[in-house]
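Right, I'll just put the structure down here and ask away after.
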Amino acid sequence: MMDAVSDHQAKTRPAWEARADLVVIGSGVAGLTAALRAQELGLHVLVVTKAAVEDGNTRWAQGGVAVVLEGEHDEGDSVARHAEDTLTAGGGLCDEDAVREILEGGPAAVARLRASGATFDPAASRPGLARTREGGHSAFRVIHAGGDATGAEVERTLVAQAGGRRVPVLEGHIAVDALRTPFGEVAGVTVLDRAGTPGVVRAAAVLLASGGIGQLYQATSNPEIATGDGLALALRAGALAADLEFVQFHPTVLFTPGARGRCPLVTEAVRGEGATLLDGAGASVMQGVHPLGDLAPRDVVSAAITRRMALAPGGIDDHVFLDATGVSGFAARFPTVYAASMAAGFDPTREPIPVTPAAHFACGGVVATVDGRTSVRGLYAAGEVARTGLHGANRLASNSLLEGLVVGERVAHAVAADLAAGLLPDPKHGRLPETVLAPIADRDSLQRVMSRYGAIGRDADGLAVIGSVLDLSTVDSLLWTHRAVEDAALTLVAQALVTAAARRTESRGCHVRTDFPERDDYGWPRSQLIRLSPSGQPVLADPVLTEGAA
């Protein structure tokens, strides 16, 4: 192994080096919003993305942007009501100040996006934009574009802006590790191209906007690149993470037998327009489960579907049905869902759509303020990789695009201010990582065991099985390919998630423990912090209350 390590060290000597004020990892809504604003503020910016610039998770977002626009909202609706809905969905773990600040910034963020060329759907019978309602919302406040292609329109607009303003974008490069100064500050990143050629970007500030962790599971709404690279990089750089046990499963992705990887999403706006969930025997799934019925928060709906499938009504135990046959103008209102359904052999205007829950959104991540600052100087985080406190134990539908727009811009201002104040490290002091090995588990085994024991409905025995499988299948490997970097990230994130999930002995939001089915507001009204130990293992970083203590 030492010969291999020496060979790796030789191969990973940087073939090139670049400098920037701010390097942005990821090209979704948060990353591009930050990059564009930072450039406007006079910063030298470089965007690094491991696929093509438009290939992130943003373009797959169907539902819309949840925002209360001045003069364009339901009677009685307000940012305060939007905040109440967000706090309710978050299961008591949201940061109320963060919720208020992000939601209050929504109208201005949407206005800037529209001024940049984004086109949202107009209302059919009144002035202004069309609005729909989604799960957990008490009002019609979700604006959308292209019917069910909001993310694609947001991404199109930002990519066009970046191209027009010649924002430098390094495509096909994956961020591997942070450069750190002797004081532990982050001062750049190492990267690999698709051929495994290493490079270094030195920067006073690094923004992680790398998306989520959906590829931890066999079926997900996320693209193939959602492998938790940014979260793993942050943990290895000494940052804190929180709320990792809360992984939201979208209640309705299109079911196809044996599906793996990204599955077509069926936006819950379909239920907002009147569609209902039915089991294999034709009975309502949500009747009597929640006051909002089919528009209950996502964690409630996903858990209800999972419980109903376990009963195998009508002999069907792996999916339920979404009956949208009564939704008028379905093909025009939901062209993406219509096309995906037809491609799978189902006409949603004539028959119910087979659907099942799938991994959708990480509610936790790198602990960051609403300005993106993390616990490590020089390192910032925004978007799904970050835990700002907006989501808590469960995300409210369509708050995520809004978060990316608002926090992305705030990060740019924070970096500019920190740089001007002399608070950021000198990039020349950033040192290349000494470690060339990382534990890697077999991806197929990891996804299988996470889907079986770490999805909706966990218990101590199942979580222990995940830990055992990871221990037995993990091998120290060299990080000289994209695949190796991704698998190392998935392994580390899985270990961190299991650590948090095993310790939280209650059910809250989208963390459901079958052995502790009740919410415990006495023992668990808090988030859990995770860090890496000196040996590189995820451990709890927050004080743990002594069980049974007064």
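All heavy atoms count here, side chains included; hydrogens, waters and symmetry mates do not. Here the structure is a predicted model, which means the values were calculated and not measured. We count residues from 1, following the sequence as given.
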Any chance you could lay out the side chain to side chain contact (heavy atoms under 4.5 Å, CB included) test for Val465 and Arg452, step after step, and finish with the verdict?
CA-CA 10 Å; Val465 169; Arg452 174 66 179 85; over 6 Å; no

So which heavy atom on Pro538 is nearest to which on Ile530, and how close?
CB-CG2, 4.1 Å

Glu155 vs Leu32 side-chain heavy atoms within contact, under 4.5 Å
yes

In Å and rounded to the nearest 0.5 Å, what is the OG1 to CG distance from Thr388 to Asp97?
12.0 Å

Does some side-chain heavy atom of Val176 sit less than 4.5 Å from a side-chain heavy atom of Leu233?
no

Verdict with reasoning, Leu36 to Val167, per side chain to side chain contact (heavy atoms under 4.5 Å, CB included)
CA-CA 7 Å; Leu36 287 162; Val167 174; 4.0 Å; yes

A quick test of your reading: do over 12 heavy atoms of other residues, nucleotides or ligands sit less than 6.0 Å from CD of Glu17?
yes

Hey, are the side chains of Ile440 and Leu479 touching, using non-hydrogen atoms and a 4.5 Å cut-off?
yes

For Val142, is there any backbone N or O sitting under 3.5 Å from a side-chain donor or acceptor partner on Ser398?
no

Hey, does Arg373 have a side-chain heavy atom less than 4.5 Å from the side chain of Asp418?
yes

Residues Gln248 and Asn394: side-chain donor-acceptor under 3.5 angstrom
yes

Measuring only between side-chain heavy atoms, which start at C-beta, is Glu268 closer than 4.5 Å to Val301?
no

NE2 (His82) and CG (Leu87) are apart, to the nearest 0.5 Å, by 10.0 Å

Identify the two heavy atoms, one from Val493 and one from Ala232, that lie closest to each other, and give their separation to 0.1 Å.
CG2-N, 4.5 Å

Heavy-atom nearest pair, Ala52 first then Ser27, reads O-OG, 4.0 Å

Quick one: does Leu532's side chain get under 4.5 Å of Leu492's, heavy atoms only?
yes

For atom CZ of Arg194, decide whether the heavy atoms of other residues, nucleotides or ligands shown that lie under 6.0 angstrom number more than 12.
yes

Salt bridge present between Glu486 and Arg483 (N-O < 4.0 angstrom)
no

State whether the side chain of His482 and the backbone N or O of Asp193 hold a donor-acceptor pair below 3.5 Å, judged by distance alone.
yes

Straight-line distance of Thr49 OG1 to Ile174 CD1, nearest 0.5 Å
10.0 Å

Between the main-chain N or O of Glu409 and the side-chain N or O of Arg37, is there a donor-acceptor pair closer than 3.5 Å?
no

Test item: His511 side-chain N/O and Arg504 main-chain N/O as donor-acceptor pair under 3.5 Å:
yes

Are Ser527 and Asp243 linked by a side-chain donor-acceptor pair shorter than 3.5 Å?
yes

Taking C-beta and beyond as the side chain, do Tyr217 and Val247 meet within less than 4.5 Å on heavy atoms?
yes

Glu171 and His173 have their tightest heavy-atom pair at O-ND1, 2.8 Å

Taking atom CG of Asp471 and atom CD1 of Ile466, what is their separation to the nearest 0.5 Å?
11.5 Å

For the pair Asp521 and Arg508, find out whether any cationic side-chain nitrogen is under 4.0 Å from an anionic carboxylate oxygen.
yes

Quick one: does Ser535's side chain have a donor or acceptor within less than 3.5 Å of a partner on Ser533's backbone?
no

Which of parallel (below 30°), tilted (30 to 60°) and perpendicular (above 60°) describes His391 and Phe361?
perpendicular

Verify the neighbour count for atom CD of Glu96: are there more than 12 heavy atoms of other residues, nucleotides or ligands below 6.0 Å?
no

Would the distance check show the side chain of Glu185 and the main-chain N or O of Leu424 forming a donor-acceptor pair, the cut-off being under 3.5 Å?
no

Are any of the side-chain nitrogens in Glu245 or Arg458 under 4.0 Å away from the carboxylate oxygens of its partner?
no

Where do Arg448 and Asp444 land on the salt bridge (Lys or Arg N to Asp or Glu O under 4.0 Å) test, with the steps shown first?
CA-CA 6 Å; Arg448 287 178 182 275; Asp444 184 66; 2.9 Å; yes

Roughly how far, to the nearest 0.5 Å, is the CD1 atom of Ile102 from the CD atom of Glu403?
5.0 Å

I'd like to know whether Cys363 forms a side chain to side chain contact (heavy atoms under 4.5 Å, CB included) with Cys510, so could you lay out the CA-CA distance, the side-chain angles of the two residues, the decisive distance to 0.1 Å, and finally the verdict.
CA-CA 9 Å; Cys363 298; Cys510 47; 3.9 Å; yes

Would you check if Val65 and Leu402 make a side-chain contact, meaning some heavy-atom pair closer than 4.5 Å?
yes

Would Glu506 and Arg513 satisfy side chain to side chain contact (heavy atoms under 4.5 Å, CB included), going step by step from the backbone distance to the final call?
CA-CA 6 Å; Glu506 65 158 355; Arg513 286 283 297 260; over 6 Å; no

Would you confirm whether Ser302, through its side chain, and Phe249, through its main-chain N or O, come within 3.5 Å as a donor-acceptor pair?
yes

Would you sort out whether Arg81 and Glu84 count as a salt bridge (Lys or Arg N to Asp or Glu O under 4.0 Å), showing the intermediate values?
CA-CA 5 Å; Arg81 279 189 60 186; Glu84 289 175 6; 5.5 Å; no

Strictly distance-based, threshold 3.5 Å: is any side-chain N or O of Gln528 a donor or acceptor partner for the main-chain N or O of Ala500?
yes

Side-chain donor or acceptor of Asp426 paired with backbone N/O of His429 under 3.5 Å
no

Grab the two heavy atoms, one from Leu240 and one from Ala541, that are nearest each other, plus how far apart they are.
CD2-CB, 3.9 Å

Kindly compute the distance separating CD1 (Ile456) from OG1 (Thr306), expressed to the nearest 0.5 Å.
3.5 Å

Give a yes or no answer on whether the side chain of Asp177 reaches the backbone of Pro433 with a donor-acceptor pair at less than 3.5 Å.
no

Ignoring hydrogens, what is the shortest heavy-atom contact between Glu101 and Arg410? Give both atom names and the distance.
OE1-NH2, 2.9 Å

